[in-house]
Asker: 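Got a structure for you, written out below as structure tokens; questions coming shortly.
Lettering of chains follows the sequences in order, A, B, ..., and the numbering in each one begins at 1.
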Protein chains: 2
Amino acid sequence: MNVDERREQLLELALELFAERTFEEISIDEIAQTAGISKGLLYHYFPGKRAFYVAAVRHAAEQLLSETTGKVEAARDEEVEQGELLRVGLSAYLDFIEKRATTFIFLMRGGMAGDPEVRAAVDSTRQAFIEVMLEGSADGDDPRARTAVKGLIGFIEEASLDWLGHQDFPRDELANLVVRVGLATASAFA
Amino acid sequence: MNVDERREQLLELALELFAERTFEEISIDEIAQTAGISKGLLYHYFPGKRAFYVAAVRHAAEQLLSETTGKVEAARDEEVEQGELLRVGLSAYLDFIEKRATTFIFLMRGGMAGDPEVRAAVDSTRQAFIEVMLEGSADGDDPRARTAVKGLIGFIEEASLDWLGHQDFPRDELANLVVRVGLATASAFA
DNA sequence: GGGGCTATTGAATCGAAGTCAATAGCCCGC
DNA sequence: GCGGGCTATTGACTTCGATTCAATAGCCCC
């Protein structure tokens, strides 16, 4: 099998496995066996178990990002107002987490969140996502804005995870909630 | 050394070590050596490395909780209004994270966030903290309220972490931001 | 049809977690 | 003061899983 195909196959497998169980609970042997290859081959594609995990996180992050930013940028080209931009971003975000729930959960809750590389990957995704939604805002490099945005990301992630786990009210209401909070956040330091 | 003292000593050590490096990066041998005891003794106090880590998380969570809820309850006895209660809670929270930054970081970012027991410990702390601040609110068991509160917790945690890392504007402004967002959240589904 | 490249394997190594039988210190009744 | 028995403590042993590596298999190009 071709290099890119195999890498892709292994990364997709990683998303499934690591969404269910933690890093340590899954042995290299199990990964290899499930993938139908030998342990040694895994090391041919990734330098180690940890690196494999990090690659999976990056893979998931890229998926999330590529499926959300496009829609927001399209909306921005139509010069909609701030709240609407947030709403479009949210909607794309929620589309993603509904369609690829395990990927999303892996990204958010996957063990090893303490690992610097993992954190960096997740953080850069967050940053890129929020920047797309806020582009054009006049906050510049105000530290208060930075902190507020981080908080907003936290809100979105936690609320989305909770909603995803229960789904006991319409998605639009979640979007409304987030947009309200987002606008409150934006106005708080303006 | 007495049992409780030793356990306490080991847990405090765990907070320091695990705040700096991840679960896997720290070996049982290193922990034992740093504590000045043998590896075997660690197993006398904790059934395994993982259990030791979980115990440390619980320890940290208890510290956070015990140092915050008391102040909020005291304020509630004086029947202050909702926003003020939030502010008091926040203030106690920020006191804690300033004073015991490594403990807080360990609690939030400590690796193994994916571990069910760790997550349960952290979640119950979050829940207890927020319940104390919102007690008396009329949200009852509305799923929207639950999701909103989760989001708010996410906001507080992420914003606090960011602020703690930079501390480039006054603490009170952070508190103001959070209170505003908190009130916006509360009003969003009322 | 052979040389050389890459994918692939399985056995060997190595390190760290976990186990266990033995020792050391201490409190208690006598 | 002295021996029995309890708990703390140790260090060597075992085990399991990550990582390494030398060898094989398949394929492409000359």
Asker: Please report the distance, rounded to the nearest Å, between OH in B:Y53 and C1' in C:dG18.
Answerer: 20 Å
Asker: Among the nucleotides D:dT19, C:dA17, C:dT8, which one has an atom lying closest to any side-chain atom of A:S38?
Answerer: C:dT8
Asker: How many whole angstroms separate atom CD1 of A:I28 from atom P of C:dA11?
Answerer: 18 Å
Asker: Distance check needed: D:dA8 P versus B:E5 CD, whole Å only.
Answerer: 12 Å
Asker: Is any side-chain N or O of B:H44 closer than 4.0 Å to OP1 or OP2 of D:dT9?
Answerer: no
Asker: When you measure only distances, ignoring hydrogens and angles, does the side chain of B:K39 come within 3.5 Å of the base of C:dG18 through a donor and an acceptor?
Answerer: yes
Asker: Looking at the rings of A:F155 and B:F155, which for Trp means the six-membered one, are their centres under 6.0 Å apart?
Answerer: no
Asker: If you check the A:K49 side chain, which of D:dT19, C:dA17, C:dA7 turns out closest?
Answerer: D:dT19
Asker: Under 4.0 angstrom, heavy atoms only, what part of the nucleic acid is B:L41 near: base, sugar-phosphate, or nothing?
Answerer: base
Asker: Tell me the interatomic distance from A:Y43, atom OH, to C:dG10, atom P, rounded to whole angstroms.
Answerer: 16 Å
Asker: What is the distance, to the nearest angstrom, from the CZ atom on A:R7 to the C1' atom on C:dT8?
Answerer: 17 Å
Asker: Considering just the side-chain nitrogens and oxygens of A:R6, establish if one lies under 4.0 Å of OP1 or OP2 belonging to C:dT8.
Answerer: yes
Asker: One thing to verify: whether A:R21 and A:E16 come together as a salt bridge, which I'm taking to mean a side-chain N less than 4.0 angstrom from a carboxylate O.
Answerer: no
Asker: To the side chain of A:Y45, which of C:dA7, C:dG18, D:dT9 is closest?
Answerer: C:dA7
Asker: Specify the separation, in whole Å, of atom CG of B:L42 and atom P of C:dT19.
Answerer: 13 Å
Asker: How long is the line joining CD of B:E24 and C1' of D:dG17, in whole Å?
Answerer: 13 Å
Asker: May I ask you to check whether B:Y53 and B:F106 place their ring centers less than 6.0 Å from one another?
Answerer: yes
Asker: Quick one: B:D4 CG to D:dT7 C1', roughly how many Å, whole number?
Answerer: 14 Å
Asker: Is the CD atom of B:E8 crowded by more than 12 outside heavy atoms at less than 6.0 Å?
Answerer: yes
Asker: Taking CD in B:Q33 as the centre, count heavy atoms belonging to other residues, nucleotides or ligands within less than 6.0 Å. Is the count above 12?
Answerer: no
Asker: Closest approach to the side chain of A:I37, judged atom by atom: which nucleotide of D:dT19, C:dG18, C:dT9 is it?
Answerer: C:dT9
Asker: C:dA17, D:dT19, C:dT9: which one has an atom nearest the side-chain heavy atoms of B:D29?
Answerer: C:dA17
